[in-house]
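Notes follow the structure.
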Amino acid sequence: MTDSLFLRNPYVPGKPVSPLAFIGRGNEIETAFDQILIRGHLAVWGGSGIGKTSFLQMIAAPQTWAFRGHDPSKAVIVLLSCLGVTPFTAANFWREVFLILKDALTDEPEIQTEVDRHLERLTASKDALRSILRLLGKKEKFLLLLIDDYDVALQPTEDYSEQDAADFLNDCRNLASHSKESQHLASIVTSLRRLNEAGIKLKPNESPWYNHYLFQPLKPFSETEAAALLGGLPLTPAIKEGIRDIADGSPTLLQVAGYLLFREFRANRLPDPNAFVAEFRRATEHYFEDNWNFSSEIEQSLMMLLALTHLKGRLLKKRYDLGDTDVIFSQKERELRDLEERGIVLCQFQEGKKYYRFASSLMEWWVIKEIENSDEEALQARQRTFLNLMSRRQAETVTNAIRWLWQNKDEVPTILTWLGKITAALSTGLIL
């Protein structure tokens with residue numbers, strides 16, 4: 001038995017990364033503190049699994065403040081996820097804020113007592129919070145709200161009408177911008193999309209409820225950040241390239257890949273390509289499904305078109321024609337840019353020409369399988385979206401390509417062939 005068997009796996013797929021293991025995001029962290037120090041408000045947005053929760057936990061960590069020369073004792077930090085407020089209503093949200101605030105005020109018993117009084121009387125609200133902010137200001141302290149999954153607050157439900165959502169969001173804006181107590185409040189919220197695209201629509205001549213936020217996208221890791229995340233593994237250049245092919249800069253996908261490979265390294269085993277691909281697929285299926293489900297119909301149609309375009313190059317013989325898809329992509333650069341910022345597609349240049357591809361080859365395979373598993377009813381329902389993207393003739397061409405795929409599923413390469421870079425690399429071994 002070797003010492004490596006006792007090594008703890010440093011990768012944590014499915015969980016936020018602890019501040020001690022946090023990698024990268026230096027510019028985004030500095031932007032966050034720039035806003036905190038002026039009692040401003042930051043709206044961070046990014047795709048599923050991009051690291052938004054880990055980012056908030058990093059901001060909340062005292063060592064993050066100390067490293068930058070800031071005094072964490074001046075901030076009373078409330079970190080919560082809107083997903084944990086069930087059912088989501090304004091009253092339940094403010095109650096959750098006050099419950100966490102009470103625990104955070106152990107060194108301020110007088111203010112803690114006031115918070116507890118509001119909880120007992122069921123009067124926790126935006127107006128009640130203003131009184132708490134005044135008390136914090138007298139102590140030369142401020143409240144920092146770190147709100148994860150803010151999308152939930154933007155979506156009406158049976159318990160939370162569209163008017164309820166509009167009132168809640170306007171209350172938050174008034175608290176942050178128009179009240180005297182705003183000088184004792186800073187906030188950071190996270191969402192899957194930019195706030196102006198994520199929820200209720202503004203009424204004519206209505207002032208935007210999100211105007212007080214500075215917007216900050218959380219993008220996929222750079223090559224340097226991805227390399228740092230996998231730096232503890234003795235990987236060959238070919239395996240690193242293979243991981244890049246299936247994960248690109250997605251923190252979630254990199255964590256899963258690192259976890260599986262570290263397990264083999266710790267056991268002194270050569271990785272089995274078939275087993276790795278099967279486990280990686282099982283562990284990440286929810287990630288690809290979320291990326292699909294959180295996309296608009298136009299974005300889904302663009303992903304379908306992109307997958308079909310690249311599938312042609314994987315077939316042994318040319319089996320269908322899609323026409324000039326570059327024209328379609330050039331007309332939908334805004335939607336493609338959103339997909340790029342969410343880490344779903346990459347934009348590259350070849351000989352001065354813009355070129356799109358999936359960031360993860362497994363996402364591309366997943367979209368092809370989504371097309372394969374659709375039916376005529378679903379295809380007809382998507383026709384209207386196709387016609388918003390392309391001419392009627394080209395829509396018919398794409399429709400015929402999808403029908404061809406239904407009838408010729410055996411022509412599509414297997415997942416092992418599709419992920420050829422990583423399977424070939426793993427076949428040669430793990431250690432440098």
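Below, all heavy atoms of this structure are taken into account, side chains as well, without hydrogens, waters or symmetry copies.
With F55 as the aromatic partner, R25 does not meet the cation-pi criteria of under 6.0 angstrom to the ring centre and within 45 degrees of the ring axis.
I243 and I422 get closest at one heavy-atom pair: N-CD1, 3.8 Å. Here the closest non-hydrogen pair linking L230 and Y11 is CA-OH, 3.4 Å. The two atoms that bring K354 and C347 nearest to each other are CG-SG, 3.3 Å, heavy atoms only. Between S179 and R130, the closest heavy-atom pair is CB-NE, 3.9 Å. V17 approaches S54 most closely through the heavy-atom pair N-OG, 2.8 Å. Of all heavy-atom pairs spanning D248 and A226, the tightest one is O-CB, 4.5 Å.
Note that CZ of R121 is 10.5 Å distant from CG of D116, once rounded to the nearest 0.5 Å. Here E181 contributes atom CD and R39 contributes atom CZ; the two are 14.5 Å apart, rounded to the nearest 0.5 Å. We find the CD-CE distance between E370 and M363 to be 8.5 Å, quoted to the nearest 0.5 Å. For the atom pair CD1 of I50 and CG of L192, the computed distance is 10.5 Å after rounding to the nearest 0.5 Å. Taking CG from L311 and CD1 from I368, the interatomic distance works out to 4.5 Å, rounded to the nearest 0.5 Å. In this structure, CH2 on W365 lies 10.0 Å from CZ on F288, to the nearest 0.5 angstrom.
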query = Between H310 and Y355, is a ring-ring contact (aromatic ring centres under 6.0 Å, His included) present by the stated rule, with each step listed?
reply = CA-CA 11 Å; H310 287 283; Y355 166 82; 5.6 Å; yes
query = Yes or no on salt bridge (Lys or Arg N to Asp or Glu O under 4.0 Å) for E241 and R244, after CA distance, side-chain angles and deciding distance?
reply = CA-CA 5 Å; E241 180 62 28; R244 197 72 177 169; over 6 Å; no
Verdict with reasoning, Q163 to D167, per side-chain hydrogen bond (donor to acceptor under 3.5 Å, both in side chains) = CA-CA 6 Å; Q163 187 59 52; D167 290 343; 2.9 Å; yes
ask   = Please walk me through it: do R263 and E279 pass salt bridge (Lys or Arg N to Asp or Glu O under 4.0 Å)?
value = CA-CA 12 Å; R263 189 183 61 190; E279 288 193 74; 2.6 Å; yes
query = Are S73 and D71 close enough, and set up right, to give a side-chain hydrogen bond (donor to acceptor under 3.5 Å, both in side chains), and what steps lead you there?
reply = CA-CA 5 Å; S73 67; D71 183 1; 2.6 Å; yes
key: T190 and D148: CA distance, side-chain angles, deciding distance, side-chain hydrogen bond (donor to acceptor under 3.5 Å, both in side chains) verdict   = CA-CA 5 Å; T190 71; D148 206 4; 2.4 Å; yes
message = Does F98 form a side-chain contact (heavy atoms from CB on, under 4.5 Å) with T123? I'd like the steps, not just the answer.
response = CA-CA 10 Å; F98 272 65; T123 55; over 6 Å; no
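Within a 6.0 Å radius of CD in Q380, more than 12 heavy atoms belonging to other residues, nucleotides or ligands are found. Atom CD of E197 has more than 12 heavy atoms from other residues, nucleotides or ligands within 6.0 Å. Heavy-atom neighbours of N27 CG from other residues, nucleotides or ligands within 6.0 Å: at or below the threshold of 12. With a 6.0 Å radius and a threshold of 12 heavy atoms from other residues, nucleotides or ligands, E110 has its CD atom at or below the threshold. The 12-atom threshold is not exceeded at NZ of K219, counting heavy atoms of other residues, nucleotides or ligands nearer than 6.0 Å. Around the NZ atom of K102, the shell of radius 6.0 Å holds no more than 12 heavy atoms that belong to other residues, nucleotides or ligands.
Using a 4.0 Å cut-off between charged side-chain N and carboxylate O, E114 and R117 make a salt bridge. Salt bridge annotation for E364-R314: present, with a cationic side-chain nitrogen under 4.0 angstrom from a carboxylate oxygen. Here E297 does not pair with R384 in a salt bridge; the nearest charged N to carboxylate O distance is not below 4.0 Å.
In summary, of the residues considered (R337, R342, K332), a salt bridge (charged side-chain N to carboxylate O under 4.0 Å, His left out) with E299 occurs for R342 alone.
For H70 and F33, the ring centers sit closer than 6.0 Å to each other.
Using a distance-only test at 3.5 Å, with no hydrogens or angles considered, a donor-acceptor pair links the side chain of Q394 to the main chain of L322.
Side-chain contact, W45 with E341: no donor N or O sits under 3.5 Å from an acceptor N or O. Looking only at atom types and distance, the side chain of T89 has no donor-acceptor partner in the side chain of D159 under 3.5 Å away. For the residue pair R173 and S207, a side-chain donor N or O sits within less than 3.5 Å of a side-chain acceptor on the partner.
In this structure the side chain of L426 reaches within 4.5 angstrom of the side chain of L261, judged on heavy atoms. Counting heavy atoms from C-beta outward, I147 and L80 have side chains that approach closer than 4.5 Å. Under the 4.5 Å side-chain criterion, counting only non-hydrogen atoms from C-beta, E335 is not in contact with S296.
Ring geometry for F168 against Y150 counts as tilted: the plane angle lies between 30° and 60°, on a 0 to 90° scale. Below 30°, between 30° and 60°, or above 60°: for F215 and Y213 the angle between ring planes is above 60°, a perpendicular geometry. Taking the six-membered ring where the residue is Trp, F93 and F88 present tilted rings, their angle falling between 30° and 60°.
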